[in-house]
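Presented below is the structure to which this report refers.
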Amino acid sequence: MTTEISTSINIKEPRWDQGTFMGRAKHFFTVTDPRNVLLTNEQLENAHKVISDYRQGVMSPGLTEDELWRAKYIFDSAFHPDTGEKMILIGRMSAQVPMNMTITGCMMTFYKTTPAVVLWQWINQSFNAIVNYTNRSGDAPLSVNQLGTAYVSATTGAVATALGLNALTKSICFTPTFVVVVQHISPLVGRLVPFAAVAAANCINIPLMRQRELKHGIPITDENDNRLGESTTAAKQAISQVVVSRILMASPGMAIPPFLMNTLEKKAFLKKFPWMSAPIQVVLVGFCLVFATPLCCALFPQKSSMSVSRLEPELQEKIRASHPGVERIYFNKGL
């Protein structure tokens, strides 16, 4: 016999305690699992139905607790937590590893010429723009004009930053005859330039793609999910935390492989088969991202919080007037 599961499981919250880093890590290892990208529309819609039915007190015959949680994580991996809309496939966090390992591997392989830097930085920042839009906080729609403006400003600013940093891979010195000589720095340092560019670009791309949140605020709620208003202060904290997470997420994949590749390229194998450099670098980056993506997502709770006293003065007054017992507010920071 199949034991009926309880109808009181809180599937609005993750399965593991989000008050601890370990609990958040378990949660994000499930959400960012690259295998979720391979799920069919039928599987996604089935998970959507299971979760929607359960929330209304209806359970599929024979449904077990493990199956319910599996449906919840399929649902969470593909549907936006605020809007409920199905997210763009390559913008989902489960697509981070396959997409980023390919783009990052190519960025670090083809970093020596300006056209290559421009191409791969543009591809990377276009991908980041999609991810930042897909995983934004809040449920307010963006117009095509707003989205287009955000995309152009984000990618242009990020690529310009990358080119500026790439230019710093050359140093100027003066000979005794005062002739300026341009000297290229070592290949290892050159390989690390894409990481510096990505880190700087994240500080530009994420705020610009989520600029509506900075201007108008993101939804804030009490602990029972009752909406209290929209806060720009909460938006600033949310976006700051996402910027830190994304930079650290890129760190292992862009910092460790360069050292390994710098050694491997001196070996006979890559001297004989130089075309293997890109595939090897992609695999190394992928291995790093499998762990870095969920662990860095777990640095901060997705459902963040702050004291009411830290909010905008007018919003504080509104909350204290309408909800006098509320001392702490909650919001989805995005990913």
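All heavy atoms count here, side chains included; hydrogens, waters and symmetry mates do not.
Checked by atom type and distance alone, the side chain of D33 pairs as donor or acceptor with a backbone atom of R35 at under 3.5 Å. Judged by distance alone, the side chain of Q241 and the main-chain N or O of A238 form no donor-acceptor pair under 3.5 Å. Side chain of R92 to main chain of V37: no donor-acceptor pair is present (N/O by atom type, distance under 3.5 Å, no hydrogens or angles). No donor-acceptor distance shorter than 3.5 angstrom exists from the side chain of T232 to the backbone of L214, with no hydrogens or angles considered. For Q96 (side chain) and M93 (main-chain N/O), no donor-acceptor pair under 3.5 Å exists by modelled atom type. Side-chain atoms of D225 never come within 3.5 Å of backbone atoms of K12 as a donor-acceptor pair (strictly under, hydrogens ignored).
Residue K333 comes nearest to V242 through the heavy atom pair O-CG2, 3.6 Å, listed as atom of the first residue, atom of the second, then distance. Contact detail for E213 and A235: the closest heavy-atom pair is O-CB, 3.3 Å. Between L299 and R24 the shortest heavy-atom distance is O-NH2, 3.5 Å. H27 approaches P14 most closely through the heavy-atom pair ND1-CB, 3.4 Å. Of all non-hydrogen atoms in Q18 and P301, the two that sit nearest each other are O-CG, 4.2 Å. Considering all non-hydrogen atoms of both residues, Q237 and S304 come closest at NE2-CB, 4.2 Å.
Around atom CD of E42, no more than 12 heavy atoms belonging to other residues, nucleotides or ligands sit under 6.0 Å away.
Atom CZ in R320 sits 8.5 Å away from atom CG in L311 (nearest 0.5 Å).
Salt bridge R70/D66: absent, no basic N to carboxylate O contact under 4.0 Å. Salt bridge E312/K318: absent, no basic N to carboxylate O contact under 4.0 Å.
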Does the side chain to side chain contact (heavy atoms under 4.5 Å, CB included) test come out yes or no for S94 and T32, once each step is laid out? CA-CA 4 Å; S94 54; T32 65; 5.7 Å; no

Applying side chain to side chain donor-acceptor pair (under 3.5 Å), run through R328 and S307 and close with a yes or a no. CA-CA 4 Å; R328 198 160 194 83; S307 170; 5.0 Å; no

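In the hydrophobic clustering of this structure, I130 groups with W120; members are Ile, Leu, Val, Met, Phe, Trp, Tyr whose side-chain heavy atoms approach within less than 4.5 Å, directly or through other members. Hydrophobic clustering (side-chain heavy atoms under 4.5 Å, transitive across Ile, Leu, Val, Met, Phe, Trp, Tyr) keeps L89 apart from I123. Linking ILVMFWY residues whenever their side-chain heavy atoms come closer than 4.5 Å, directly or via other members, places V131 and I88 in the same cluster. There is a path of hydrophobic side-chain contacts, each under 4.5 Å, that joins F21 to L248.
Residues in residues 306-335 take part in no ring-ring contact (aromatic ring centres under 6.0 Å, His included) pair, two or more places apart or across chains. Within the structure, every pair that satisfies the ring-ring contact (aromatic ring centres under 6.0 Å, His included) test and touches residues 283-321, not counting sequence neighbours, is listed here: F287-F291.
A search for salt bridge (Lys or Arg N to Asp or Glu O under 4.0 Å) contacts involving E13 returns K303, not counting sequence neighbours.
Close placement of the W16 and Y73 rings is indicated, their centers lying within 6.0 Å of each other.
At a threshold of 4.5 Å between non-hydrogen side-chain atoms, the residues N41 and K86 count as touching.
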